[in-house]
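Taking it in order: structure first as structure tokens, then the write-up.
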Amino acid sequence: MGKYIRWANEDDAESLVTLNAEFNGAGLKVSEIKHSLRNTNELVALAIMEDVPVGFACAQFNKSFCYRDLQREITEMYIQEAARRKGLGSMLLLFLEQELQVRGVKDVKILTGRNNESAHKAYEHANYLNKDQIVFEKQLTSRI
């Protein structure tokens, strides 16, 4: 069967639990992933190699009154170590880009870690430009 990209669905929840745990250690449950896939506008693409899910990428888009065009971002991308450098990252990006374009998106942004050199190379290879932005983050505490 080789390698290909397709949309993730609820039947992929167990594989996504494993892949996401490798990616960020979030420890999500199958039920949480199924709920998320059912109740979100997030686009979740799955990389398959020899009939086994080996990676994923996610994208989001929305309309803001502040901008004429849709706001868009590829938010996550992960490929298992053994499946890297086989073109799956490029395939995932192209798959999401094509769908975003169909939905009216004109450009896409990706945020990644400053020291994630392999991701930098993959994105540059896919013709993304480094805009050298600074990201601020804050943990919100519950005040309820």
Does the side chain to side chain contact (heavy atoms under 4.5 Å, CB included) test come out yes or no for I48 and I5, once each step is laid out?
-> CA-CA 6 Å; I48 309 292; I5 309 300; over 6 Å; no
Pairwise distance [atom1]([X]) to [atom2]([Y]) - rounded to 0.5 angstrom:
| X | Y | atom1 | atom2 | value |
| --- | --- | --- | --- | --- |
| E32 | K34 | CD | NZ | 13.0 Å |
| Q80 | M49 | CD | CE | 8.0 Å |
| N9 | L16 | CG | CG | 9.0 Å |
| K106 | Q101 | NZ | CD | 11.0 Å |
| N116 | H120 | CG | NE2 | 5.5 Å |
| T112 | R114 | OG1 | CZ | 11.0 Å |

Answer yes or no: is there a side-chain heavy-atom contact under 4.5 Å between [X] and [Y]?
| X | Y | answer |
| --- | --- | --- |
| L111 | E73 | yes |
| T18 | E14 | no |
| L92 | E97 | no |
| W7 | L46 | no |

Does N39 CG have over 12 foreign heavy atoms under 6.0 Å away?
->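 Yes.
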With a 4.5 Å cut-off on side-chain heavy-atom distances among I, L, V, M, F, W and Y, is there a chain of contacts connecting [X] to [Y]?
| X | Y | result |
| --- | --- | --- |
| Y78 | L88 | no |
| I33 | F23 | yes |
| L93 | V44 | no |
| L96 | L37 | no |

Thinking salt bridges, do [X] and [Y] make one under a 4.0 Å N-O criterion?
| X | Y | value |
| --- | --- | --- |
| D51 | K3 | no |
| E81 | R84 | yes |
| K121 | E117 | no |

Between [X] and [Y], what is the shortest heavy-atom contact and its length?
| X | Y | value |
| --- | --- | --- |
| A26 | N20 | CB-ND2, 3.6 Å |
| S90 | H125 | OG-CD2, 3.9 Å |
| V105 | D107 | CG1-O, 3.1 Å |
| L70 | G104 | CD1-C, 4.0 Å |
| I79 | G89 | CD1-N, 3.2 Å |
| M91 | Y4 | CE-CA, 3.7 Å |

Could you list the residues that satisfy salt bridge (charged side-chain N to carboxylate O under 4.0 Å, His left out) with R38, not counting sequence neighbours?
->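 Residues passing salt bridge (charged side-chain N to carboxylate O under 4.0 Å, His left out) with R38: E10.
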N/O donor to acceptor pairs below 3.5 angstrom from side-chain atoms of residues 54-64, sequence neighbours left out:
unit_1, atom_1, unit_2, atom_2, d
Q60, NE2, E42, OE2, 3.4
K63, NZ, Y67, O, 2.4
K63, NZ, R68, O, 2.7
S64, OG, C66, N, 3.1

Going through the checks in order, is the side chain to side chain contact (heavy atoms under 4.5 Å, CB included) test met by L43 and F95?
-> CA-CA 10 Å; L43 304 173; F95 190 83; over 6 Å; no
Check the pair D12 / R6 against salt bridge (Lys or Arg N to Asp or Glu O under 4.0 Å), numbers first and verdict last.
-> CA-CA 11 Å; D12 300 312; R6 67 168 172 79; 2.8 Å; yes
